[in-house]
Protein chains: 2
Amino acid sequence: MVDNTKVSKRPRGRPQIRPDDETRQMILQAARQEFHASGYAGASMNRVAERAGVSTKTMYRLIPTKAELFQSVISARISRFILEMDEEHLDGLPVDEALEHILIAYGTLTFDPDTVSSLRLVLAECDRFPEIAAAFDELALRRTTQTMEGWLRQQRDRGMIEIDDTATAVGMLRGMMVMEPQRAMMLGLKPPPDHAEIVKRARNCARLFLDGCRPKQR
Amino acid sequence: MVDNTKVSKRPRGRPQIRPDDETRQMILQAARQEFHASGYAGASMNRVAERAGVSTKTMYRLIPTKAELFQSVISARISRFILEMDEEHLDGLPVDEALEHILIAYGTLTFDPDTVSSLRLVLAECDRFPEIAAAFDELALRRTTQTMEGWLRQQRDRGMIEIDDTATAVGMLRGMMVMEPQRAMMLGLKPPPDHAEIVKRARNCARLFLDGCRPKQR
DNA sequence: TTTTTAGGAAAACTGATATTTTCCTAAATA
DNA sequence: TATTTAGGAAAATATCAGTTTTCCTAAAAA
């Protein structure tokens, strides 16, 4: 085995301006911008290279094709769709406030312009790139669903609410909270809701949902 | 004024195989298939002409450009998104059954593969064709919203339910009913729900919603 | 100084596709 | 029959974008 760090000499010719990995990151970032701005078909590889500040020659040395570049970009973005919530904190709250917090977190994530823009790309291209639909399902949908479903189950087990199918319930809750504003954003009809609107909507949804499945003592 | 039906002679040369309007319809239908199958960018005008059974020459004589063809196709499709419900019939039903019926109608319309396919096209291309987003909003969203909102208002005025903002409530109701299954369809993850599933979901939603905003007698 | 490598700029190559045009034939009237 | 028009088939044109290649220069080691 050879210890490259010291023993072997640097190669003869002109050294690389920067490590390939770094250049690749620059290309990925430029590609992200370009794809989000122009969609898959509309994105120009020349513009990607331009944005990244490298020549097309270097770009194609480091990335295989436009299609794979697209997949890398989307997967990287999707893998960051994580619903952050402090579960310890929720335990100390009354049920309705806890659900409100959850919905605020989910709404904030969902209405993020980057999220919407990525969703649009995924929906537009999932025919051509079925792996992207699968990745989206796995990384964006399942994970956030599980987080919310876990909480619902907990409340049910504590007798705070009455639900038979928690998975369906999560889907409904999410639809109620985000579908309409998100669709308006995607169509370019409305700007993202601001924080106050998100809070208001979350409160409404939480109340509606909890009243709808609060245990009845008939 | 000249009476063309009898007086003026037919023109000299070879007569048209069929009226231009008819040919245009054939082209529109072929284009609809092609666009739905391949999206805007992926659609080939040659294939459209082929499907329609006309030459590209004839096609371009009758339609201006690909872009305008696309808009015609989408607008025509959208204008058929009408939420059909028999309002007379609803009046005779208890509130929860009436709402169930409404949601079944809305779900059936929404989960129709043609609807989903059109929505995908609209979402994918609304950047390039803002008029399409506007048409979709006006024809598909507003109209069905108004139908549902009218009913909600009526129930509120009769004291059957307690809602302050009926527009928001309709949005939530719809999201609850359709977002998750529709998204799964768009991603190609699930087939459309069958009628039984739609009914079940509608019943769940109606119950949840009505329990959530039934007047309280505290 | 010579050799060697990295990589930019731009041209070339390739393939696809919207759109136009040419050429030809069929079917009608005069 | 001579003339005129409709329209199909296919070639021509134009453009665009992905990908490759050429040419050239900078910067390092030998």
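As a basis for the values below, the full set of heavy atoms in this structure was taken, side chains included, without hydrogen atoms, waters or symmetry mates. Every chain is numbered from 1, with letters handed out A, B, ... down the list of sequences. Predicted, not measured: the structure shown is a model, and the values here were computed from it.
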Choose from [options] the nucleotide whose nearest atom is closest to any side-chain atom of [X].
| X | options | value |
| --- | --- | --- |
| A:Met45 | C:dT19, D:dT19, D:dA28 | D:dT19 |
| A:Arg12 | D:dA28, D:dG7, C:dT3 | C:dT3 |
| B:Lys57 | C:dA27, C:dT20, C:dC23 | C:dC23 |
| A:Arg14 | D:dA9, D:dT25, C:dA28 | D:dT25 |

When the distance from [atom1] of [X] to [atom2] of [N] is rounded to whole Å, what number comes out?
| X | N | atom1 | atom2 | value |
| --- | --- | --- | --- | --- |
| A:Phe70 | D:dG18 | CZ | C1' | 16 Å |
| B:Arg61 | C:dT20 | CZ | P | 14 Å |
| A:Ile17 | D:dA27 | CD1 | C1' | 10 Å |
| A:Lys66 | D:dT19 | NZ | P | 8 Å |
| B:Asn46 | C:dA18 | CG | P | 7 Å |
| A:Glu50 | D:dG18 | CD | P | 12 Å |
| A:Glu22 | C:dA6 | CD | C1' | 15 Å |
| B:Gln16 | D:dG8 | CD | C1' | 14 Å |

Original post:
Under 4.0 angstrom, heavy atoms only, what part of the nucleic acid is A:Thr56 near: base, sugar-phosphate, or nothing?
Top reply: base
**OP:** Indicate, with a heavy-atom threshold strictly under 4.0 Å, whether A:Ala41 touches base, sugar-phosphate, or nothing.
**Re:** nothing
Original post:
Which value, rounded to the nearest 0.5 Å, describes the distance between A:Glu50 atom CD and A:Ser44 atom OG?
Top reply: 7.5 Å
Original post:
Between B:Arg80 and B:Asp114, is there a side-chain N and carboxylate O pair less than 4.0 Å apart?
Top reply: no
Subject >> Residue that, paired with B:Leu83, satisfies side-chain contact (heavy atoms from CB on, under 4.5 Å) out of B:Thr108, B:Thr145, B:Leu109, B:Thr110 >> reply: B:Leu109
Original post:
Can you find a side chain N or O atom of B:Tyr60 that sits less than 4.0 Å from OP1 or OP2 on C:dT20?
Top reply: no
Subject >> Phosphate OP1/OP2 of D:dG8: any B:Thr58 side-chain N/O under 4.0 Å >> reply: yes
Original post:
On the ring face of A:Phe35, is A:Lys66 found with NZ or CZ under 6.0 Å from the centre and within 45° of the axis?
Top reply: no
Original post:
Does one side chain, of A:Ser117 or A:Arg77, offer a donor that lies under 3.5 Å from an acceptor on the other?
Top reply: no
